[in-house]
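Shown next, in structure tokens, is the structure this report addresses.
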Amino acid sequence: MDNRIDLFKEEIKQKLEQAADLVDLDKIRVAYLGKKGSITSLLKGMKELSNEERKTFGAEVNKLKASAAEMIDAKITELKEKEIESEIASMPKFDVTTPVDLSRGSYHPITLVQRQCESIFRSMGFTVEDYPEVVTDYECFESVNIPKHHPARDMQDTYYLENGQLLKSQTSAAQNAILKKYGKNLIENGVPIKAIFPGRCFRNEATDASHENTFFQMEGMMVDKDISISNLIFFMKTMLSEVFQRDVKVRLRPGFFPFVEPGFELDISCLICGGEGCASCKHSGWLELCPCGMIHPNVLREGGIDPDKYTGFAFGLGLTRLAMMKYKIKDIRDLNSGSLKALAQFTDDNC
Ligand code: FA5
């Protein structure tokens, strides 16, 4: 009997040495420790032994059982470690000297157009100003001649925040601050105010091919003695011809904005359909691009400038629509899509 215990122990050892994987190990476990396994049947045969023999033999078989289980577990650990080692060995080695393909990224088409406009206006003596996206009611409306409850507020479905501030619905929100920032230099030193201020605007719009709820405008202002509509038209035409690198057809029609008097809508002949009419221009052949006008005396006064001494013009260019025209993007929604396939194809060597 005792002899069998030693034999089994030796047999298990040999089989474990030959086992190549976890499947082999499972077979060994079933063969010795399973319900019908060899060690289990040793226990079953004990009923023929005397009480004394059963006691000693039972203890020996239990020891064998525990040691078989231990050997199998040790082999499992050994095989798993080998598996991990071979996985690590087969991994590609990290080498800091390997050249990496750092393909060039690209700018968003609106960034490209914005930078181009900034550089054109800078070359004409304008400063480029930055302004927050969250502003007060005073900045966005009251300071630009739109008092509380004025019906003109209905033209811009504005997002109000719980603290009473709002998401800038128009870049005109910066006008008052710019007048105050540069007014002293105008009054004391005769230096004209010439500034542009691009920015993201938000309106609760139903979106379509030419309307988004988040879009970019670029506001511009010039204030000095004897500024007239001719100055306004000159700067707008110069800027658009530079952006499109050709003479662009524009039209001015009367437009109402409480912060300018007189006010105009400057439309550009649709460059997507060549003026024939398409979804982007609502089949009119013209795209509303740049409302503008002569700054209202109330706005100048609120900014600390005497309207009897100084005059000025202001415009609110639709930068997003300008990018659409320049790059012939038919649907404004592509610009906020985040699709690199759509947006990474535009480049400008000057940016
Ligand atoms: C204004 O926002 C005035 N503050 C512009 C202005 C400034 C007038 C200074 C006079 C003097 P308007 O709401 O029309 O105006 O918007 C100006 C331009 O922004 C539009 O011509 C258009 O090009 C663009 N725009 C307006 N709403 C949207 C929209 N939902 N999606 C895309 N572009 C828009």
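Starting from 1, each residue takes its place in the sequence as its number. Atoms within a ligand are numbered from 1 in the order they appear, just like the ligands themselves.
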Side chains of [Y] and [X]: any donor to acceptor distance under 3.5 Å?
{"X": "Gln114", "Y": "Glu118", "answer": "yes"}
{"X": "Glu302", "Y": "Tyr138", "answer": "yes"}
{"X": "Tyr182", "Y": "Glu129", "answer": "yes"}
{"X": "Lys55", "Y": "Asn51", "answer": "no"}
{"X": "Tyr131", "Y": "Glu139", "answer": "yes"}
{"X": "Glu219", "Y": "Ser172", "answer": "yes"}

Find all atoms of ligand 1 within a distance of less than 4.0 Å from any non-hydrogen atom belonging to [X], and give their numbers and elements.
{"X": "Ser210", "answer": "31 (N), 32 (C)"}
{"X": "Gly316", "answer": "5 (C), 6 (C), 7 (C), 9 (C), 17 (C), 18 (C)"}
{"X": "Phe315", "answer": "7 (C), 9 (C)"}
{"X": "Gln217", "answer": "1 (C), 2 (O), 16 (O), 17 (C), 18 (C), 19 (O)"}
{"X": "Glu219", "answer": "7 (C), 9 (C)"}

Does the distance from a Lys or Arg side-chain N to an Asp or Glu carboxylate O, for Lys249 and Asp267, drop under 4.0 Å? no

In terms of side-chain geometry, is the basic nitrogen of Lys80 or Asp21 positioned less than 4.0 Å from the acidic oxygen of its partner? no

Do [X] and ligand 1 have an N or O pair less than 3.5 Å apart?
{"X": "Ser172", "answer": "yes"}
{"X": "Glu212", "answer": "yes"}
{"X": "Thr320", "answer": "no"}
{"X": "Gln170", "answer": "yes"}

In terms of its nearest heavy atom to atom 33 (N) of ligand 1, the top option of Phe202, Phe215, Phe216 is Phe215

Non-hydrogen side-chain atoms of Ile39 and Ile12 separated by less than 4.5 Å: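 Heavy-atom side-chain distance check passes, below 4.5 Å.
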
Would you mind checking which non-hydrogen protein atom is closest to [atom], with the distance to 0.1 Å?
{"atom": "atom 15 (O) of ligand 1", "value": "Phe257 CE2, 3.5 Å"}
{"atom": "atom 20 (C) of ligand 1", "value": "Glu288 OE2, 3.8 Å"}
{"atom": "atom 24 (C) of ligand 1", "value": "Gly318 CA, 3.9 Å"}
{"atom": "atom 2 (O) of ligand 1", "value": "Arg203 NH2, 2.9 Å"}

Would you call Gly263 a ligand 1 contact, heavy-atom distance under 4.0 Å?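 No.
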
Got a second to check how far Thr320's OG1 is from His211's NE2, nearest 0.5 Å?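 These two atoms lie 11.5 Å from each other.
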
Please report the shortest heavy-atom distance between Gly199 and Thr171, naming the atom on each side. N-CG2, 3.7 Å

Does only the side chain of [X] get under 4.0 Å from ligand 1, or the backbone, or both, or neither? Count heavy atoms.
{"X": "Arg321", "value": "side chain"}
{"X": "Ser169", "value": "neither"}
{"X": "Val260", "value": "side chain"}
{"X": "Leu289", "value": "backbone"}

Name the residue from Glu205, Lys168, Gln170 that meets the side chain to side chain donor-acceptor pair (under 3.5 Å) definition with Gln156.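 Passing option: Gln170.
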
